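In what follows, a single structure is set out as structure tokens and then discussed.
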Amino acid sequence: MSEFIDFFVGKYNYWAFILLMMIGLYAMIAKKNLAKKIIGMNIFQTAIILFYISTAAKGGGASIPIIAHGHGHGLSEHGARAADYINPLPHVLMLTAIVVSVATLGVALTLAVKVYHQYGTLEEDEIADRIRAQTGGEP
Amino acid sequence: MKLVALASALLCGTILLFGTAEFPDFGDPDSPAASHVSPRYIEEAMAETSAPNIVTAVLADYRGFDTLFETAVVFSAAMACFFLLRIFGEDERRPSEKLYRHLPTGITLRIDPGGKVPDSPEFERIDGIWIPHDVIVKTTTRLIIPFIQLFGLYVIAHGHHSPGGGFQGGVILGASVILYAISQNLRQALGRMGEAVSAVFCAAGVFIYAGAGALCLLMGANFLDYSGLAPLFGVDAIQARSLGILVVEIGVGLAVMSAMVWIYYNLASMGRHQEGL
Amino acid sequence: MINLIAAMFILLGLVFFTGGAVGIIRMPDFYSRLHPAGKLDTMGLLMSMIGIALYSVQGFSLGEVLTGLKIILIVVFVFITSPTATHAIVDAGVRAGLEPWTQQRRGEES
Amino acid sequence: MSPHLPALPVVVPLLSALLITILGWSNRRLPFPIALVALTAGLLSALGLMKDVLARGVIGYNMGGWDPPWGIAYRVDHLNALVLVVVMAAALIGLIATRDRVKAEFEDRIVPFYTLFVLFVTGLSGILLTGDAFNLYVLLEIASLTGYALIGLGEGRAPLAGLNYILMGTIGASFYLLGVGYLYLMTGTLNMVDLAARLPGLYDSHVVALAFFICLTGLFVKMAFFPVHVWLPNAYSNASSAAGILIAPLTTKVMIYVMIRITLTVFTPDYAFDVLDIGDAVVWLSVIAIVMGSVFALAQNRLKRILSYIVVAEVGYMVGGFWLGNRAGITGSILHIVNDAAMTLCVFLAAGALLTRVPGDRLIHLQGLFRKMPVSMAALVVGGLSIIGAPPTCGFFSKWYLISGGIDAGHYGFVAALLFSSLVNVALFFRVFEIAYYEPFGADHGHDPRAHGASGREDAPAAMLAPLVVVAVLLVALGLYSGDLVSAIIQHAIPARII
């Protein structure tokens, strides 16, 4: 039991991201409303962002990756120690991923607006009904 | 369908949970991620790029190529939005009727096509009958928009030393324009920052970034190697890197600001650009 | 000592925030929900920001005082914008034709 | 050659896409010439890269002057140089051929169309050249986002199909990103070569296996491998014909390249084929993909839908051929990337050409088209023969390699699936040809009085026919020179360890 607790306490960040990811995946598959699917997609992407960011953390008093006293006096002679700052790379990667997910969200919403214009609804089964009514059942 | 979804989500989660057993613990300072590539950034970024904010240094310089395409993603999203939604020409449901409000009385006039447009400062053109004459919102936004924009510029320019940079600052600047569009109306915002302006600024922002990289090529350095720009700036290679970061951050800020505004214009008015929120 | 005062302020702010959150859930309709959302959040923010400002002013050096002032500036902005936002939302609700809740209407529904 | 050549296939199209917006906004005649210049420059630099690679071997290029693994490095070898030439050539031919269609279909949005298309090509060429796993994700998203937009603006159900494509494509890309994250967590690096160097010590780790499976799943979604192919037929068949011609030949092929790159370069063949030993399972999956793709294709009554399901089956060919894990199979798979790009371009282009003169792409609309549009139909015949795998078209040779790979590996199920799919393709295409050749031209859509007379010849515009003929000739030429292609380039693209 205590092993399990150690395991959970040591790695709870991964548990959180997996939970979020499952919520997102469930919403994308189960929900009939296209807007809810898009929200699910966003949760799914956010889960992955959380995963990356949590890998950047360093215990033992590491600070944000901005070198202290770097202001003003050009090059600092006393080099920064890697243990004093958290890992900057995942933050950089996730800045990119956040921007990508915002961009995807924008395009998805655009298409949702177009779909709404066309069928007057965002419910998948109602859209299917409209399509069947329009084309007589052909794909 | 719900069962299938639940099953697949649970399956996926279980498989992923199973994998976490071998992961390094949360906050482990000796994990491979913290000990292989990243120490070099932390220890050398200041000396190599003269930017104390390591995230900015890595974002705009070490991995600047990623960021270039990140900006291009924003640009293509805005372009995609425009491409998909924009409807040119008049709205056939309400052909060019115009609404004016007489400010002292609050009466709304509807001018049908061909009618005479009132020419007096007492009249204000509005989008729809239901738009109220809201002094509170308009005054407040007028008061705070300059501060928002100032803050946006600060965030862009101060990205070397504090959290921030082109993306964050660009979004703040874009938000100020969107706030203007919400508090006044879409037509007035389009008058301040038109569609062509936002499109061309968006492309120009990415172009500043990519062009800075291409300029490095012309100077004989590798693509995006800002140290090649040292002769142009008249400084040494490390300061040139720092200035190069600033240049691309400005490009990013410009592109992101216009992209946000442009996406808002198209989404809010469903591509008609007649009346939005 | 100053830490203790700061903690008190922050705690007080959190109490207001909690009240606001409870109010948003418990109030019966759109307009009355905006009331706690607008008022208590502003108050909670004021309290917690004062707390944080006090916490940052440890040694009364110039930089620290400036940081504290910047934090207070946040409160000023929220004082301007939060009522405006609440006003705009209420306005939108009125224009959308949302009827306010009354005791009598509630009786009709049930 | 210039040492900066590896950067050019990405930088030139990117700058041109931005120029199209900046300049094209005031002058609507500029976008096409700029795009033409950009893609020609891209093709020339791709050919230059190919020549360099053949002369000197693998070329590296450090973006920003930072050494990998700290910076992003490009790495050009035989495999990606070859696919880059194919992508650039297909994009250029498609661009020229669709000029009139774009004018007709997107008359008021030519600027965004060409901007998005050139960005799409930028993304693809970046995917091909990059040697950094995360950079690949960003470029993947560029190519996907622009693809969603181009597909989303079509007739009928296109927006819905585009939205479904976004949802599935985002799942795919996110899975890939998660896999890269797992790898990063275990190794601390993102550079492909560095990853390959650090992974052998971790071969018995479950996380690495999981990362591999997650990446592979994501790529399967992106390439429309069978169980997760559902986005593709709707997206491609509802897209406007210009967008279909430009996108269909490229996306799935590049995704298959990414799979090959990840498996061969990052995880190394030892790991994929020996340690994990999943080759057999994936080949069986691809057998199902081929069979189901072919069967679904048979059930369709619209030409573009038939072609879309054939694309699904062809994805099965390439995935299966690669996972056979022997030299002949992988050769066939890589050769088929080249050939399938040409074949798909040919048939979609022919379908686009037909659509300029007939009102729809249902099979009844094709009646009597051999008399009306002989050149387009002849090109469709060549493309069809190539998909069937009849000599001397190129489809025969890649199928030959795939089949001999299947026999070498003792995987007769795969061989049988290939033969079955060829038979189905014979049935499909000969049904199309029969309708188009023997049935009289339908009366219900003969609005044009000339269509009925003896002088009913009214082929597609020459601007579209010329590229079509070029592609059809290319199909035969690729077939005739496929031996040289294999011995000069593809043999070097496969690690020596694989026999």
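The structure presented is a predicted model; accordingly, all values stated were derived computationally and were not measured.
Of all the listed residues (A/Thr96, A/Ile23, A/Val99, A/Val100), the one sharing the greatest number of non-hydrogen pairs under 4.5 Å with chain B is A/Thr96. For the set A/Leu95, A/Val107, A/Leu109, the entry with the most heavy-atom pairs within less than 4.5 Å of chain B is A/Leu95. Of the listed residues (B/Ile54, B/Thr67, B/Val37, B/Val58), the one with the most heavy-atom contacts under 4.5 Å to chain A is B/Ile54.
Across every non-hydrogen atom of A/Ser54 and B/Phe26, the tightest pair is O-CE1, 3.5 Å. Minimum heavy-atom separation, B/Phe23 to A/Lys11: O-NZ, 2.9 Å. Closest of all the heavy-atom pairs between B/Pro29 and A/Lys58 is CA-CG, 4.0 Å. Nearest heavy-atom pair, B/Ser8 versus A/Leu25, reported as atom, atom and distance to 0.1 Å: O-CD2, 4.3 Å. Minimum heavy-atom separation, A/Pro65 to B/Val55: CG-CG2, 3.5 Å. Counting all heavy atoms, side chain and backbone alike, A/Tyr14 lies closest to B/Pro24 at OH-O, 2.9 Å.
For B/Leu3, no part lies near chain A; criterion is any non-hydrogen pair under 4.5 Å. For a residue to count as touching a neighbouring chain, one of its non-hydrogen atoms must lie under 4.5 Å from one of that chain's; by this rule A/Lys31 does not touch chain B. In this structure, no portion of B/Thr56 lies under 4.5 Å from any heavy atom of chain A. Heavy-atom distances place the side chain of B/Cys12, and not its backbone, under 4.5 Å from chain A. In this structure, the portions of B/Leu84 lying under 4.5 Å from any heavy atom of chain A include both its backbone and its side chain. For B/Gln168, the part lying under 4.5 angstrom from a heavy atom of chain A is the side chain only.
Rounded to the nearest 0.5 angstrom, B/Leu85 CG and A/His117 NE2 are separated by 7.5 Å. The structure places CD of B/Glu43 at 9.5 Å from CG of A/Asp84, a figure rounded to the nearest 0.5 Å. In this structure, CD1 in A/Ile98 is found 9.0 Å from CD in B/Glu70, a value given to the nearest 0.5 Å. Rounded to the nearest 0.5 Å, atoms CG (B/Leu10) and CE (A/Met22) are 4.5 Å apart. Going from atom OG1 of A/Thr110 over to atom CD1 of B/Ile263 covers 7.0 Å, rounded to the nearest 0.5 Å. Rounded to the nearest 0.5 angstrom, B/Thr20 OG1 and A/Ile18 CD1 are separated by 5.5 Å.
For CZ of B/Phe18, the number of neighbouring non-hydrogen atoms (other residues, nucleotides, ligands) closer than 6.0 Å is 12 at most.
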